[in-house]
Engineer: 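Just dropping this structure here.
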Amino acid sequence: MKKVMEGSMAVAEAVKLSRPAVIAAYPITPQTHIVEDLADMVANGECNAQYVNVESEHSAASAVLGSQAAGARSFTATSSQGLLLMAEVLFNIAGMRLPLVLVNVNRAVSAPINIWNDHQDSFALRDCGFIQLFAETNQEAADLVFQAYRIAEDYRVMLPVMVNIDGFIISHSFSPVDIPEQAKVDEYLPAYKPLMKLDTANPISWGTMGGPDVYSEIRYSLSQAILNSKPVIAQAADEFNKIFGRGGSGIVEGYHLEDAETVIVAMGSILGTIKEAVKERRKAGEKIGILKIRTYRPFPEQEIREALKNAKTVIVISKEISLGYTSALFTEIKAALYSLAQRPRMAGFIAGLGGRDITLSTIYEALDVSKKEEPELYFLDTSKELEMLEVN
Amino acid sequence: MSNQFFAPGHTACSGCAQSLAARLVLEAAGPEIIVANATGCLEVFTTRAPQSSWGVPWIHSLFENVSAVASGIEAALRADGRSEKVKVLAFGGDGGTADIGMGSLSGLMERGQDVLYVCYDNEAYMNTGIQRSGLTPPGGNTTTSPAGKKSIGKLEGKKDMPAIMAAHKASYVATANASYPQDLKRKIKKALSLPGAKYIQILVPCPLGWRYEGKDTILAGKLAVETGLFPLFEMENGVVTKVMKLKEKKSVDDYLKLQRRFAHLYKSEAGKEELAKIQTIADQNIEKFGLLEKEEAKA
């Protein structure tokens, strides 16, 4: 049954239904509602998890590292500076092959301090070894939590998953969400059976030193494991569709790609606005399509190449920048298309940093600019400010 | 029995008191324990993959997070019903405990989770090459608090970790020393019999960092106690309940002269002033904890 609820509550409900044994978290805007809702559920006996109130995000990640190693399905959530403070631990969790699920409520990174949405935080952790999924809607934010546990705990994967939801735009907005029944979730997500755990009946040493003689092989196997998770991610989405009757495809999703000459590539909640803009422009006869990237790591290189092979112009709109170059997503899409016989025109746009509203006119600006130019680095909605600051 | 939980063949230096202390801790605590180990000498010399000295479940994550890792393990044991039978121990060195790991240790103590934290205190960052820590004693010559024409080594005091732990209302706080194995093992057993978060700081002399011959490790540990510089005591719920009495007070010189990390103090006027301060620290410890048997008889 659909209920109108806040994105954070939808995530908290999904976490509860996933039956985590341990939750550890530290508050940071805009993640707080998720961990507050979960704390309420634990306090009222609706959620049977051990809730560990830690003194920092570094310790939140470390506590769930410990609980996962001891064999407990675990959960944590954070944002922005919190994710950055966790960075060291997240590399560690992935290297130790612990199937944790972390919800990152995407927020800009300081300085200047800014609590609003963009994707800089999770992009900074791009290379840490987590599978990264991006939600477009409140419903998808909840649904990705179930799928994340399925993917992470699959013995073919055994990797942590970061579910990214846009701060405020998803976390604090209300929309109708279908929260499934416990029985259906249990059918989709069986009880966690760890592949190995800290157990006095079978003592193991975990997290030992790996010298030059073994380190490369271990990192190689980690890299392969992430690449090999792609069919499992796709399968998790397919089976989710079967049981719950919704969900789309796991890796990427195309809209109007059949006849599209221009394709906009993007991730997260911005896709809603892009869909509206494309609908309008198609009415005017422009052949525009959309490629939604839902799984960012492993990077869906082949899927992107396949989806964009007939495009004449590819527009990437991203909410992050690799300072000193351009959008990381743009450079990666470009690299993915390099081997095409007919390479499309490429236009890279950055929008919505630090919570600046992305409206239909933002998308139209990108579409209009890309007709004339192929910018590598174009900040949408900022020209007046940049002129004022004389930074060009 | 000792080989069962902490096997020989590791790569610790000869005369390393930390390896001795760890073996004693495991003899007292094993086998129904899970050990979380911070980055440091103990982690490095026991677990060069694919080898391991550990006969109990053991995990190493990072330098500053062992208290949080142990907290997560303890929560998982509560969740799956193992917490009555299996106890969690967190191991850290002095830097991992009093400096970089202080925040996460404070969090653990404040939450009062059922974890025994053991600080192996060798008074400097030995694993990275003898750098000064918050537990390096005053006057100590380290690679980052070197003695020189304008310095007498470490200028600051040794952070009072037991007092800080007691202020957290830890159910049990104790100091121990690898030179007193029976006392050490008794304290480990006592700590594990109590609920909540516990803290034991074990002085583990380091021949490499303190610059004495490996054969003198037990002697160095004993002199630290006999001079009053490292008093052995126990606290329950913030109150001192037991101390190890001294038959007589030894001069701090007996302890300091054994170690070349203090040799510079005997070569300058400033050094001599520092020596007097170190003697005062020992005297104050003896007074504060009532360490001398004869003084008690007088009173």
Side-chain angles (χ1 to χ4, degrees), chain A residues 19-24 26 48-74 76 85-86 88-93 95-96 98 100 192 194 196-211 213-215 217-218, chain B residues 4-5 11 30-37 39 43-80 82-83 85-88 90 101-111 113 115:
Chain A
R19 301 185 188 274
V22 175
I23 297 167
Y26 185 80
N48 200 23
Q50 299 293 325
Y51 195 105
V52 186
N53 274 301
V54 286
E55 75 296 334
S56 74
E57 286 92 352
H58 195 282
S59 283
S62 301
V64 289
L65 182 156
S67 58
Q68 283 283 169
R73 181 180 286 164
S74 306
T76 191
L85 187 56
M86 286 182 175
E88 180 193 28
V89 190
L90 301 189
F91 276 82
N92 209 234
I93 288 169
M96 294 171 90
L98 296 167
L100 171 73
Y192 176 42
M196 59 178 196
K197 67 176 183 180
L198 296 168
D199 181 4
T200 53
N202 179 29
I204 51 168
S205 297
W206 204 340
T208 62
M209 177 178 254
D213 50 335
V214 297
Y215 187 84
E217 285 75 8
I218 292 169
Chain B
Q4 190 186 342
F5 307 139
T11 57
E32 292 298 324
I33 56 167
I34 294 173
V35 172
N37 204 146
T39 306
E43 164 258 331
V44 171
F45 73 66
T46 56
T47 63
R48 177 69 181 259
Q51 295 173 319
S52 172
S53 285
W54 301 90
V56 297
W58 178 95
I59 187 168
H60 159 255
S61 167
L62 298 164
F63 197 2
E64 70 276 48
N65 69 345
V66 69
S67 298
V69 171
S71 296
I73 296 168
E74 190 262 6
L77 297 183
R78 267 187 283 135
D80 69 14
R82 283 187 284 168
S83 56
K85 191 180 163 207
V86 181
K87 296 298 167 196
V88 182
M102 188 73 176
S104 74
L105 174 59
S106 175
L108 165 64
M109 290 291 149
E110 185 264 340
R111 288 187 297 274
Q113 289 185 258
V115 173

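Atom set for the values below is all heavy atoms of this structure, side chains included, hydrogens, waters and symmetry mates excluded.
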Engineer: Taking the side chain as C-beta and beyond, is there a heavy-atom pair between B:W54 and A:I204 under 4.5 Å?
Structural biologist: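 With C-beta onward as the side chain, the pair stays apart.
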Engineer: Name the member of B:G30, B:P50, B:A49 that forms the most heavy-atom pairs with chain A at distances under 4.5 Å.
Structural biologist: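 Looking at each of B:G30, B:P50, B:A49 in turn, B:A49 comes out on top.
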Engineer: Most heavy-atom pairs under 4.5 angstrom with chain A, which of B:T46, B:I33, B:I59, B:N37?
Structural biologist: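 Most heavy-atom pairs under 4.5 Å with chain A: B:I59.
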Engineer: Could you measure the distance from the CZ atom of B:R82 to the CG atom of A:D199? Nearest 0.5 Å is fine.
Structural biologist: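 If I round to the nearest 0.5 Å, the distance is 5.5 Å.
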Engineer: In terms of heavy-atom proximity below 4.5 Å to chain A, should B:V56 be classed as side chain, backbone, both, or neither?
Structural biologist: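 Looking at B:V56, just its backbone touches chain A.
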Engineer: Let me see the working for B:R111 and A:V54 under side-chain contact (heavy atoms from CB on, under 4.5 Å), right down to the final yes or no.
Structural biologist: CA-CA 8 Å; B:R111 288 187 297 274; A:V54 286; 3.9 Å; yes
Engineer: For chain B, find which of A:S205, A:S59, A:S56, A:G211 contributes the most heavy-atom pairs closer than 4.5 angstrom.
Structural biologist: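 Highest number of pairs under 4.5 Å: A:S205.
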Engineer: May I ask you to name which of B:G103, B:A68, B:P57, B:A76 has the most heavy-atom pairs under 4.5 Å with chain A?
Structural biologist: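 Answer, by heavy-atom pair count under 4.5 Å with chain A: B:P57.
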Engineer: Assess whether side-chain contact (heavy atoms from CB on, under 4.5 Å) is satisfied between A:E55 and B:L108, documenting all intermediate values.
Structural biologist: CA-CA 9 Å; A:E55 75 296 334; B:L108 165 64; over 6 Å; no
Engineer: Rounded at 0.5 Å granularity, tell me how far OG in B:S61 sits from CD1 in A:I93.
Structural biologist: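 CD1 of A:I93 is found 7.5 Å from OG of B:S61.
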Engineer: Distance check, rounded to the nearest 0.5 Å: B:T39 atom OG1 versus A:M209 atom CE?
Structural biologist: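 Answer rounded to 0.5 Å: 9.0 Å.
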Engineer: For the pair A:E88 and B:E64, evaluate side-chain contact (heavy atoms from CB on, under 4.5 Å) and give the outcome as yes or no after the intermediate values.
Structural biologist: CA-CA 10 Å; A:E88 180 193 28; B:E64 70 276 48; 2.7 Å; yes
Engineer: I'd like to verify something: which residue of A:N202, A:L198, A:V214 has the highest number of heavy-atom pairs under 4.5 Å with chain B?
Structural biologist: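 Most heavy-atom pairs within the cutoff with chain B belong to A:L198.
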Engineer: Out of curiosity, A:W206 CH2 to B:T47 OG1, how far, rounded to the nearest 0.5 Å?
Structural biologist: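 These two atoms lie 14.5 Å from each other.
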Engineer: Quick check: closest heavy atoms across A:P203 and B:G55, and the distance to 0.1 Å?
Structural biologist: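 Answer, listing the atom of A:P203 first, then B:G55: CG-O, 3.4 Å.
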Engineer: Is there a donor-acceptor pair closer than 3.5 Å between any side-chain N or O of B:H60 and the backbone N or O of A:G207?
Structural biologist: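 Checking the backbone N and O of A:G207 against the side chain of B:H60, a donor-acceptor pair under 3.5 Å is found.
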Engineer: Of all heavy-atom pairs between A:A70 and B:D80, which one has the smallest distance, and what is that distance?
Structural biologist: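 For A:A70 and B:D80, the tightest heavy-atom pair comes out as O-OD2, 4.2 Å.
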Engineer: Please round to the nearest 0.5 Å and tell me the distance separating atom CD1 of B:I73 and atom NZ of A:K197.
Structural biologist: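 Output value for this atom pair is 12.5 Å.
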Engineer: A:A21 versus chain B, heavy atoms under 4.5 Å apart: side chain, backbone, both or neither?
Structural biologist: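 Answer is both: backbone and side chain atoms of A:A21 are under 4.5 Å from chain B.
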Engineer: B:R48 and A:D213: side-chain contact (heavy atoms from CB on, under 4.5 Å), yes or no, with the steps?
Structural biologist: CA-CA 11 Å; B:R48 177 69 181 259; A:D213 50 335; 3.9 Å; yes
Engineer: Which bit of A:N92 is near chain B, if near means a heavy-atom gap under 4.5 Å: side chain, backbone, both or neither?
Structural biologist: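 Interface part for A:N92: side chain.
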Engineer: So what's closer than 4.5 Å to chain A heavy atoms on B:E43: side chain, backbone, both or neither?
Structural biologist: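 Side chain of B:E43 only, per the 4.5 Å heavy-atom cut-off to chain A.
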Engineer: How close do A:V52 and B:A75 get, counting heavy atoms only, and between which atoms?
Structural biologist: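 So the minimum-distance heavy-atom pair works out to CG2-CB, 3.7 Å.
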Engineer: Below 4.5 Å from any heavy atom of chain A, which atoms of B:Q113 appear? Answer side chain, backbone, both or neither.
Structural biologist: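 Interface part for B:Q113: side chain.
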Engineer: Enter the distance from B:K85:NZ to A:T200:OG1 here, rounded to the nearest 0.5 Å.
Structural biologist: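 Reported to 0.5 Å precision, the distance equals 5.0 Å.
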